[in-house]
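Below, all heavy atoms of this structure are taken into account, side chains as well, without hydrogens, waters or symmetry copies.
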Amino acid sequence: RLRQQTAVAVLGRGALGGGEELGELARAACGAAAANLDADIVAVLERGRDGLVPSAGVGCPPESLARELAFTAPLTARALRRGEPLVITDVTADPEVRSSPLATGSVLIVPIWAGTRMAGVLMVVSRRRVAYSDDDVAFVRGLANVLALASERARVQAQLRLSVDELRKSAEDRSRLLAHIVQAQEEDRQRIADDIH
């Protein structure tokens with residue numbers, strides 16, 4: 001439990017420091033979960049237009065991650081519907097996945113909430129049957145919360161940069177307009193002075 005709490009704290013410091021990219025942070029979360037839970041595959045699946053897409057993972061090559069986790073699609077959908085962690089100790093006993101040849105062992109799926117929207121899931125897969133404890137679920141939920149906060153921070157920073165860019169452009173436009181007005185006034189003054197002269 002102490003190792004798990006330390007792993008969440010280290011990941012949280014990385015997220016708060018802002019030095020790590022979101023992808024690096026997601027890979028670090030996957031690595032921490034894999035090391036602390038002795039898992040075979042750990043992945044972050046982000047919600048996209050075409051459903052959930054692997055964005056980071058450990059335990060198998062990135063190009064085969066989606067194929068390896070395909071059997072978990074009904075379980076992931078169930079976790080997303082509930083909005084709560086889902087623990088399946090024996091996936092071969094689950095009626096929605098037992099027909100898949102890749103379905104073996106245990107799965108722990110924790111939704112990643114970014115504000116009020118579900119941004120994706122953090123998934124832990126073990127090829128062996130594992131009885132994940134409440135502490136294990138809390139640990140993965142802590143990692144997911146750090147990822148959610150980092151994702152929200154990245155979104156807010158992007159919005160802030162966009163707002164700063166818009167303000168800078170607006171200030172430049174005002175400056176050009178002011179220069180144009182001053183030049184037009186100067187030309188009018190010069191014309192009036194010439195007419196008077």
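- Among Gln185, Arg191, Gln190, the single residue meeting the side chain to side chain donor-acceptor pair (under 3.5 Å) criterion with Asp188 is Arg191.
- Annotation: side chain of Leu52 is not in contact with side chain of Glu46 (no heavy-atom distance under 4.5 Å).
- The side-chain heavy atoms of Arg78 and Asp94, taken from C-beta on, include a pair separated by under 4.5 Å.
- Nearest heavy atom pair, residue Val124 against residue Ala33, reads CG2-CB, 4.3 Å.
- The only option from Leu80, Val44, Val110 that meets the side-chain contact (heavy atoms from CB on, under 4.5 Å) definition with Val121 turns out to be Leu80.
- The two residues Ala79 and Leu86 make their nearest non-hydrogen contact at CB-CB, 4.0 Å.
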Item to check | Step-by-step side-chain hydrogen bond (donor to acceptor under 3.5 Å, both in side chains) determination, Asp135 to Ser133 | outcome: CA-CA 5 Å; Asp135 287 343; Ser133 69; 4.9 Å; no
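- Not a single salt bridge (charged side-chain N to carboxylate O under 4.0 Å, His left out) links Asp134 to another residue, sequence neighbours left out.
- The main-chain N or O of Gln159 is found under 3.5 Å from a side-chain atom of Ser163 such that the two form a donor-acceptor pair.
- Between Asp173 and Lys169 a salt bridge is recorded (basic side-chain N to carboxylate O distance below 4.0 Å).
- Side-chain contact between Glu172 and Arg176: present, with at least one pair of heavy atoms (C-beta onward) separated by less than 4.5 Å.
- Nearest heavy-atom pair across Val97 and Phe71 is CG1-O, 2.6 Å.
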Checklist entry - Would Ser170 and Arg174 satisfy side-chain contact (heavy atoms from CB on, under 4.5 Å), going step by step from the backbone distance to the final call? => result CA-CA 6 Å; Ser170 177; Arg174 269 186 296 221; 3.5 Å; yes
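- Under a hydrophobic clustering in which Ile, Leu, Val, Met, Phe, Trp and Tyr are joined whenever their side-chain heavy atoms come within less than 4.5 Å, directly or via other members, Leu149 and Trp113 fall into different clusters.
- The closest donor-acceptor contact from the side chain of Thr76 to the backbone of Thr72 lies under 3.5 Å.
- The side-chain contact (heavy atoms from CB on, under 4.5 Å) search around Ala148 returns Ile112, not counting sequence neighbours.
- Taking the side chain as every heavy atom from C-beta outward, Val130 and Thr89 never approach each other to under 4.5 Å.
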Next on the checklist: side-chain contact (heavy atoms from CB on, under 4.5 Å) for Ile41 and Leu65? Distances and angles first, verdict last.
Outcome noted: CA-CA 9 Å; Ile41 299 174; Leu65 191 58; 3.8 Å; yes
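- Hydrophobic clustering places Phe139 together with Val137 (ILVMFWY residues linked when any side-chain heavy atoms are closer than 4.5 Å, directly or through intermediates).
- The side-chain contact (heavy atoms from CB on, under 4.5 Å) test with Leu143 is passed by exactly one of Asn36, Leu122, Val42: Leu122.
- Between Glu84 and Arg141 there is a salt bridge, since a side-chain N of the basic residue sits under 4.0 Å from a carboxylate O of the acidic one.
- Nearest heavy atoms, Val58 versus Arg27: CG1-O, 4.4 Å.
- Separation of atoms NE2 (His180) and OG (Ser175) is listed at 13.5 Å; rounding is to 0.5 Å.
- Using a 4.5 Å cut-off on side-chain heavy atoms (C-beta onward), Val91 and Leu75 make contact.
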Checklist entry - Stepwise, does the side-chain contact (heavy atoms from CB on, under 4.5 Å) test hold for Val140 with Leu37? => result CA-CA 9 Å; Val140 176; Leu37 298 176; 3.5 Å; yes
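- The minimum heavy-atom distance linking Arg127 with Glu68 is given by the pair NH2-OE1, 2.6 Å.
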Item to check | Step-by-step side-chain contact (heavy atoms from CB on, under 4.5 Å) determination, Arg47 to Arg117 | outcome: CA-CA 10 Å; Arg47 199 173 221 171; Arg117 70 177 182 83; 5.7 Å; no
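- The two residues Ser106 and Tyr132 have their closest heavy-atom pair at CB-CE1, 3.9 Å.
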